[in-house]
Amino acid sequence: KRWGLVDSFEKDLKVLILTNHMENIAGSEIVALEVAESFQKYGCNVKIYANQIGLPMADIVRDSGIELDDSDQYPNPFDFDIIWSQHHVIPLLISTNIESKNDRPYFIFAHLSPYEPLETVGLYTEHIFADKILVNSHETKERLESLGVETDKIEIFYNASPSSFQSASKVNLLKNILLISNHPPQELLEAIKILEKKNNIRVSHIGTRGRYKRLQPSHIAENDAVITIG
C-alpha cells in the first residue's frame with residue numbers, strides 16, 4: 001500500500017528478484033526467497049535470478065514453486081513489472097538489455113547491512129532507477145545517507161518476517177529454548193551449556209552448527225524463548 005502498488009495486483013504482475021547467490025540457508029538468501037514467496041502469494045509470476053546457485057537453497061526455492069535461474073542469458077529487467085535488486089546484480093542486466101528498454105518497471109533496491117561490501121550502494125544504477133530503497137536497520141539507513149542516497153526513498157523494514165510467523169504468548173515456566181544463528185558467539189555457546197546442565201533447560205539450535213534447515217513457524221511455537229543474533 002505504501003508503495004502505491006496494491007491496485008496493480010489485480011493483474012498478473014511479473015516480478016524479478018535479483019541476488020548474488022542462492023546456496024546456503026542464510027540471511028540474504030532467505031530475504032530473497034521470502035520476498036519472492038510474498039509476491040507469489042498475491043498471484044504474481046515470480047522469478048529469482050542469481051549469479052550462483054547451489055544446494056540446499058536451490059531445492060528449497062524450487063519446492064516453493066518459484067523459478068530459479070543462473071544462466072548466462074541474463075533476463076531483461078524491462079520485461080518485468082517489479083524488480084527487487086540485491087547485491088549489485090542489476091548492472092549486468094541493465095548494460096545487456098538497455099537498448100531493448102520498454103515500459104519502465106518499479107525498481108526496489110534492498111540493503112541488508114551497513115558494512116558488507118555487497119550491501120553498499122552502487123555507482124550509478126541505484127541513483128538512476130530506484131523507486132524505493134529498503135534497508136534492514138537504522139544503521140544501514142544512516143550509512144546509505146552518508147553516501148548521498150536520497151533520504152525520501154529509504155524505508156526500514158526491520159528484518160521483517162512473513163505473516164505466517166505469529167507473536168508468541170508469554171510463558172511462566174522456561175523449559176525449551178531455541179537458538180537461531182549461523183554464527184553463534186562463543187559466550188552464547190558457553191551460556192547454553194550452563195542452562196542445560198544447571199537449570200535442566202533443553203536448548204535446540206537451528207544453524208550451520210546445529211540443525212541446518214529453514215526456520216518454520218512450528219519451530220518458534222514449540223519453544224518458550226528464542227535467542228538469535230543479527
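In this chain, residues are counted from 1 in sequence order.
Note that the CD1 atom of Ile48 and the CG atom of Leu16 stand 9.5 Å from one another [nearest 0.5 Å]. Atom CD1 of residue Ile83 and atom CZ of residue Phe107 lie 5.5 Å apart, to the nearest 0.5 angstrom. Note that the OG atom of Ser38 and the CD atom of Glu34 stand 7.0 Å from one another [nearest 0.5 Å]. Note that CD1 of Ile94 is 7.0 Å distant from OH of Tyr124, once rounded to the nearest 0.5 Å. Once rounded to the nearest 0.5 Å, the distance linking OG of Ser28 with NE2 of His87 reads 4.0 Å. In this structure, CG on Asp69 lies 13.5 Å from CD1 on Ile17, to the nearest 0.5 angstrom.
Between Phe80 and Val15 the shortest heavy-atom distance is CD2-C, 3.7 Å. Across all their heavy atoms, Ile53 and Ala50 have their closest contact at CG2-CB, 3.8 Å. In plain terms, the two heavy atoms of Leu174 and Ala225 that are nearest each other are CD1-CB, 3.7 Å. Closest heavy-atom contact between Gly43 and Asp12: O-OD1, 2.9 Å. Shown here for Gln40 and Gly65, the closest heavy-atom pair between the two residues is NE2-O, 3.3 Å. Pro77 approaches Ile90 most closely through the heavy-atom pair CB-CD1, 4.2 Å.
Cluster membership check: Phe165 shares its hydrophobic cluster with Ile206, using side-chain heavy-atom separations under 4.5 Å among Ile, Leu, Val, Met, Phe, Trp and Tyr. No continuous path of ILVMFWY side-chain contacts below 4.5 Å connects Ile66 to Leu55, so the two sit in separate hydrophobic clusters. Note on Ile180: it does not cluster hydrophobically with Val203, by side-chain heavy-atom contacts below 4.5 Å among ILVMFWY residues. The same ILVMFWY cluster, assembled from side-chain heavy atoms under 4.5 Å apart, contains both Ile82 and Trp84. Both Tyr74 and Ile128 are members of a single hydrophobic cluster when ILVMFWY side chains are connected at heavy-atom separations under 4.5 Å.
With hydrogens and angles ignored, the 3.5 Å screen pairs a side-chain donor or acceptor of Tyr49 with a backbone N or O of Ser71. The main-chain N or O of Ile201 is never found under 3.5 Å from a side-chain atom of Asn199 such that the two would form a donor-acceptor pair. No donor-acceptor distance shorter than 3.5 angstrom exists from the side chain of Asn182 to the backbone of Gly207, with no hydrogens or angles considered. A donor-acceptor pair under 3.5 Å is absent between the side-chain atoms of Asn176 and the main chain of Asp224, judged by distance alone. Side-chain N or O atoms of Tyr212 include one that pairs as donor or acceptor with a backbone N or O of Ile25 at under 3.5 Å. Listed for the Ser64 side chain is a donor-acceptor partner under 3.5 Å among the backbone atoms of Ile60. The closest donor-acceptor contact from the side chain of Lys153 to the backbone of Ala130 lies under 3.5 Å. Side-chain atoms of Thr125 never come within 3.5 Å of backbone atoms of Pro91 as a donor-acceptor pair (strictly under, hydrogens ignored). Side-chain atoms of Arg104 come within 3.5 Å of backbone atoms of Phe129 as a donor-acceptor pair (strictly under, hydrogens ignored).
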Any chance you could lay out the side-chain contact (heavy atoms from CB on, under 4.5 Å) test for Arg211 and His205, step after step, and finish with the verdict? CA-CA 6 Å; Arg211 290 182 294 164; His205 180 190; over 6 Å; no
Report the C-alpha separation of Glu126 and His111 in whole Å, then their side-chain angles, then the decisive distance to 0.1 Å, and conclude whether the side chain to side chain donor-acceptor pair (under 3.5 Å) test is met. CA-CA 11 Å; Glu126 197 155 347; His111 299 274; 2.6 Å; yes
Evaluate Asp131 against Ile108 for side-chain contact (heavy atoms from CB on, under 4.5 Å), listing each step before the verdict. CA-CA 6 Å; Asp131 292 294; Ile108 303 169; over 6 Å; no
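Between Gln52 and Glu23, some side-chain heavy-atom pair lies under the 4.5 Å cut-off. A 4.5 Å side-chain heavy-atom check between Leu179 and Ser204 finds every atom pair outside the cut-off. You'll find the side chain of Cys44 stays beyond 4.5 Å of the side chain of Lys14, heavy atoms only. Looking only at side-chain heavy atoms (C-beta outward), Lys132 and Glu155 come within less than 4.5 Å of each other. Inter-residue side-chain proximity for Val46 and Glu67 is flagged as unmet; no heavy-atom pair is nearer than 4.5 Å. Put simply, the side chain of Asn223 reaches to within 4.5 Å of the side chain of Arg202, judged on heavy atoms.
Applying the salt bridge (Lys or Arg N to Asp or Glu O under 4.0 Å) definition to pairs two or more places apart or across chains, those involving residues 178-196 are Glu190-Lys193.
With a 6.0 Å radius and a threshold of 12 heavy atoms from other residues, nucleotides or ligands, His183 has its NE2 atom at or below the threshold. Enclosure of atom CG in Asp63 by more than 12 non-hydrogen atoms of other residues, nucleotides or ligands within 6.0 angstrom is indicated. Within a 6.0 Å radius of CD in Gln186, other residues, nucleotides and ligands contribute more than 12 heavy atoms. Residue-environment remark: CZ (Arg209) stays at or below the threshold of 12 foreign heavy atoms within 6.0 Å.
No side-chain donor-acceptor contact under 3.5 Å links His88 and Glu119. Of the N and O atoms on the side chains of Asn20 and Asn51, at least one donor lies less than 3.5 Å from an acceptor on the other residue.
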Donor-acceptor pairs under 3.5 Å, side chain of residues 134-146 to any protein atom, not counting sequence neighbours: which ones?
| from | atom 1 | to | atom 2 | distance (Å) |
| --- | --- | --- | --- | --- |
| Asn136 | OD1 | Thr140 | OG1 | 2.9 |
| Asn136 | ND2 | Leu112 | O | 2.9 |
| Ser137 | OG | Glu139 | N | 3.4 |
| Ser137 | OG | Glu139 | OE1 | 3.4 |
| Ser137 | OG | Thr140 | N | 3.1 |
| Ser137 | OG | Thr140 | OG1 | 3.0 |
| His138 | NE2 | Tyr158 | OH | 3.2 |
| Lys141 | NZ | Glu145 | OE2 | 2.6 |
| Glu145 | OE2 | Thr151 | OG1 | 3.3 |
| Ser146 | OG | Arg143 | O | 2.6 |

All N/O donor-acceptor pairs, side-chain side in residues 214-222, below 3.5 Å, sequence neighbours left out:
| from | atom 1 | to | atom 2 | distance (Å) |
| --- | --- | --- | --- | --- |
| Arg214 | NH1 | Glu37 | OE2 | 3.0 |
| Arg214 | NH2 | Glu37 | OE1 | 2.8 |
| His219 | ND1 | Gln216 | N | 3.0 |

